[in-house]
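As the structure is a prediction and not an experimental result, all values here were calculated from the model. Heavy-atom basis, side chains included; hydrogens, waters and symmetry copies ignored.
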Amino acid sequence: MSALALQRNAIVALLDSVPQIGIVQDRERHAASDGELAALFTYTPPAGGTAHIRGWWLRRASTAEHGISTARTVSVHQWTVHGYLAIADAQASELLLDELVEQFRALVRADPSLGGTCQPGPLAGSDDRTDGVQVVAAEPVDFAGVRCHSVVLQLRTWSYL
């Protein structure tokens with residue numbers, strides 16, 4: 001299995017380990033109709049409650065390769081995580097989404113090597129000093145025909161080749 005696949009699996013597993021995170025997909029999913037797409041992201045809380053959209057998907061958005069010496073090259077993958085939660089104003093759904101994001105950020109902060117699948121942060125010679133999970137956008141959207149809170153997260157993984 002490639003380093004890319006190992007890192008993807010590790011990110012998905014970490015996200016999926018957040019209690020009540022919802023449905024986690026390892027890639028962007030597509031369907032012929034809004035109803036079929038909604039079904040891929042519909043979650044029912046374990047303590048009962050109404051089924052609703054609460055889901056996430058992951059994409060490797062870019063990869064940069066840098067020669068840091070004559071003998072070493074570093075590969076930097078930028079990952080984008082998209083999350084959706086059906087708006088339920090009476091249940092303060094926006095705050096719930098924020099809390100789920102913060103739990104995921106804390107897990108990555110506690111294990112920056114993602115279970116040993118990558119280096120734990122920017123490597124020497126890297127021109128990017130951000131590490132951990134960045135929140136790059138949060139706004140309401142229509143997703144699968146449902147009004148949802150949306151969040152876009154980014155993180156980078158570093159590996160020697």
Answer with yes or no whether the hydrophobic clustering places [X] together with [Y]; edges join I, L, V, M, F, W, Y residues whose side-chain heavy atoms lie under 4.5 Å apart.
X    : Y    : value
V108 : V76  : no
V136 : V101 : no
V151 : Y84  : no
L85  : V133 : yes
I53  : L153 : no

How many angstroms lie between atom [atom1] of [X] and atom [atom2] of [Y], to the nearest 0.5 angstrom?
X    : Y    : atom1 : atom2 : answer
L4   : W79  : CG    : CH2   : 4.0 Å
R105 : D98  : CZ    : CG    : 10.5 Å
I21  : E99  : CD1   : CD    : 10.0 Å
Y160 : C118 : OH    : SG    : 12.0 Å
N9   : L114 : CG    : CG    : 11.0 Å
D16  : Q25  : CG    : CD    : 10.0 Å

### Message
Could you go through R54 and L96, starting from their C-alpha distance and side-chain angles, then the distance that decides it, and tell me whether this counts as side chain to side chain contact (heavy atoms under 4.5 Å, CB included)?
### Response
CA-CA 11 Å; R54 186 186 299 195; L96 170 59; 3.4 Å; yes
Any side-chain heavy-atom pair from [X] and [Y] closer than 4.5 angstrom?
X   : Y    : result
V74 : Q119 : no
V18 : W56  : no
W57 : R29  : no
D26 : L58  : no
L15 : V12  : no

### Query
Which residue pairs satisfy the side chain to side chain donor-acceptor pair (under 3.5 Å) criterion with at least one member in residues 34-46, sequence neighbours excluded?
none
#### Entry: Selection residues 140-151 - residue pairs positive for side chain to side chain donor-acceptor pair (under 3.5 Å), sequence neighbours left out
S93-H149, D142-R147
#### Entry: Which residues share a ring pair (Phe, Tyr, Trp, His ring centres under 6.0 Å) with H52, sequence neighbours left out
none
### Message
Set out, in order, the CA-CA distance, both residues' side-chain angles and the distance that settles side chain to side chain contact (heavy atoms under 4.5 Å, CB included) for I23 and L40, then state yes or no.
### Response
CA-CA 8 Å; I23 306 299; L40 294 171; over 6 Å; no
Can you give me the closest heavy-atom contact between [X] and [Y], atom names plus distance?
X    : Y    : answer
S75  : T63  : OG-CG2, 3.5 Å
P112 : A110 : CD-C, 3.6 Å
L100 : P19  : CD2-O, 3.7 Å
A38  : A144 : N-CB, 3.6 Å

### Message
By the definition side chain to side chain donor-acceptor pair (under 3.5 Å), identify the one residue from Q78, H77, Q7, R8 that meets it with T157.
### Response
Q7
### Query
Judged by atom type as modelled, is there a donor-acceptor pair below 3.5 Å linking the side chain of R59 to the main-chain atoms of T80?
no
